[in-house]
Amino acid sequence: MTQDTLLGRTTLLSRLFLALAFIGILVSLALVFLWVPNERQQGVVYRIFFFHVPAGLLSFVAFAIVFVASIGYLWKGNRMWDMVAHSAAELGVVFATLSLTTGSIWARPIWGVWWTWDPRLTTMLILWLIYVGYLMLRAYGTEDTRVSRFASVVGIIGFVDVPIVFFSVRWWRTQHPQPLLKPGDEFGLTPEMTMTFLIAFAALSFLFGHLLLERLAMRRMSADVQEMRQALSAEKGV
């Protein structure tokens with residue numbers, strides 16, 4: 001398969017993901033505001049849950065991709081692994097920001113404060129700061145392999161915080177609600193809520209896939225342009 005053929009298929013897949021994300025988000029919004037019932041204790045404000053939780057889960061997925069791609073880069077030295085890690089870290093920070101922001105909006109009417117140093121919130125903020133630092137390292141460092149290797153180490157070590165965030169509500173007494181993604185009546189989801197959550201999660205997942213492919217394509221083109229410039233400079237003897 002030629003590079004042009006692969007690029008064409010990637011572009012087609014990216015457009016497909018975008019179309020599915022657009023449709024999925026519209027359907028999700030309709031279900032969230034027109035179909036699912038109010039939660040018994042929180043009323044209408046709980047509806048932010050259908051975007052807050054998927055955003056948090058997808059940030060974990062993004063940081064897992066950073067973890068795997070960073071190991072791949074340190075092991076194989078292939079530049080493509082480094083591009084995947086960098087692109088996934090960007091998306092991870094975006095989705096983590098969305099999760100923190102929606103969580104704060106949710107907390108204000110329920111807890112009476114925009115923020116509290118709850119274990120789940122604190123560990124999630126630390127995770128966000130780790131990968132913001134990762135992106136700052138990328139932004140202010142040079143394009144040489146030393147920065148890529150150092151960023152890979154940060155990406156691997158930073159992932160240690162992901163299971164801590166995920167299990168924080170189980171390990172410590174926390175103000176944050178226990179996991180809702182289980183069947184039952186007391187703390188679980190009704191069938192309507194479950195279906196709406198899955199559709200919203202799928203829609204944001206397609207959006208995630210589209211953005212990841214687009215960032216990879218842009219980074220790949222930037223690398224190609226850089227290689228062409230270097231080759232041209234070498235040919236001119238500059």
Side-chain angles (χ1 to χ4, degrees), residues 52-104 107 115-179 181 201 204-205 207-220 222-223 226:
H52 166 72
V53 175
L57 292 176
L58 286 170
S59 73
F60 297 161
V61 172
F63 297 139
I65 293 174
V66 177
F67 176 74
V68 173
S70 296
I71 293 175
Y73 178 70
L74 292 178
W75 184 18
K76 297 292 186 180
N78 189 317
R79 189 70 177 168
M80 192 62 191
W81 283 115
D82 190 47
M83 294 180 186
V84 171
H86 191 175
S87 302
E90 292 175 332
L91 291 182
V93 170
V94 169
F95 279 86
T97 302
L98 182 61
S99 177
L100 286 169
T101 303
T102 54
S104 183
W115 178 268
T116 181
W117 295 104
D118 174 90
R120 167 58 72 88
L121 276 66
T122 303
T123 52
M124 187 66 185
L125 179 63
I126 292 172
L127 183 66
W128 182 83
L129 290 172
I130 289 172
Y131 285 94
V132 167
Y134 174 100
L135 295 181
M136 291 178 66
L137 173 63
R138 293 283 194 173
Y140 293 105
T142 59
E143 292 295 330
D144 63 25
T145 55
R146 288 178 300 175
V147 172
S148 295
R149 288 174 181 169
F150 189 59
S152 298
V153 173
V154 174
I156 293 169
I157 295 175
F159 184 73
V160 172
D161 194 36
V162 170
I164 296 175
V165 178
F166 187 79
F167 290 108
S168 59
V169 293
R170 296 173 174 84
W171 290 345
W172 297 294
R173 294 184 62 184
T174 172
Q175 195 171 355
H176 191 279
Q178 292 293 307
L181 304 181
F201 182 74
L204 290 184
S205 298
L207 180 62
F208 178 93
H210 164 72
L211 294 174
L212 181 60
L213 290 175
E214 289 298 310
R215 290 301 294 159
L216 276 174
M218 293 174 62
R219 194 151 275 125
R220 178 71 188 190
S222 178
Q226 185 66 23

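Hydrogens, waters and symmetry mates play no part in the numbers below; they use all other heavy atoms, side chains included.
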* To do: Please determine which of Val154, Asp161, Val153 meets the side chain to side chain contact (heavy atoms under 4.5 Å, CB included) test together with Ile157.
  => Val153
* Side chains of Ile164 and Trp171 in contact at under 4.5 Å (non-hydrogen atoms) -> yes
* Give the minimum heavy-atom separation between Thr101 and Thr97, together with the two atoms involved. => OG1-O, 2.7 Å
* Short question: side chain of Ser222, backbone of Arg219 - any donor-acceptor pair under 3.5 Å? -> no
* Asked: What's the shortest heavy-atom distance between Val84 and Ile65, and which atoms?
  -> CG1-CG2, 3.7 Å
* Charged N-O contact under 4.0 Å between Arg138 and Asp82 -> yes
* **Minimum-distance pair of heavy atoms, taken over all atoms of Tyr134 and Ala151** => CE1-O, 3.0 Å
* To do: Show your working on side-chain contact (heavy atoms from CB on, under 4.5 Å) between Phe159 and Ile130 and close with a plain yes or no.
  => CA-CA 9 Å; Phe159 184 73; Ile130 289 172; over 6 Å; no
* Structure fact -> So CE of Met136 and CG of Leu129: to nearest 0.5 Å the spacing works out to 10.5 Å
* **Residues Ser87, Met218; criterion side-chain contact (heavy atoms from CB on, under 4.5 Å); working and verdict** => CA-CA 10 Å; Ser87 302; Met218 293 174 62; over 6 Å; no
* Asked: Does the pair Leu58 and Leu207 meet the rule for a side-chain contact (heavy atoms from CB on, under 4.5 Å), with working shown?
  -> CA-CA 10 Å; Leu58 286 170; Leu207 180 62; over 6 Å; no
* Asked: Parallel, tilted or perpendicular: which fits the ring planes of Tyr131 and Phe63, with parallel below 30° and perpendicular above 60°?
  -> parallel
* To do: Keeping the roles fixed (side chain from Ser152, backbone from Ser148), state whether a donor-acceptor pair exists under 3.5 Å.
  => yes
* Asked: With a 4.5 Å limit on heavy-atom distance, are the side chains of Trp115 and Leu100 in contact?
  -> yes
* Would you give the length of the straight line joining atom CG of Leu216 to atom CE of Met80, rounded to the nearest 0.5 angstrom? => 4.5 Å
* Test side-chain contact (heavy atoms from CB on, under 4.5 Å) on Trp128 and Val93 and set out the steps. => CA-CA 6 Å; Trp128 182 83; Val93 170; 3.8 Å; yes
* **Name of the residue among His210, Glu90, His86 meeting side-chain hydrogen bond (donor to acceptor under 3.5 Å, both in side chains) with Arg215** => Glu90
* Asked: So which heavy atom on Ala62 is nearest to which on Phe208, and how close?
  -> CB-CE1, 3.6 Å
* Asked: Atom CG of Leu127 and atom OG1 of Thr122: how far apart are they, to the nearest 0.5 Å?
  -> 12.5 Å
* Asked: With a 4.5 Å limit on heavy-atom distance, are the side chains of Phe67 and Val162 in contact?
  -> no
* What's the shortest heavy-atom distance between Gly155 and Val66, and which atoms? -> CA-CG1, 3.9 Å
* Structure fact -> What one should report as the nearest heavy-atom pair of Leu204 and Ala55 is CD1-N, 4.2 Å
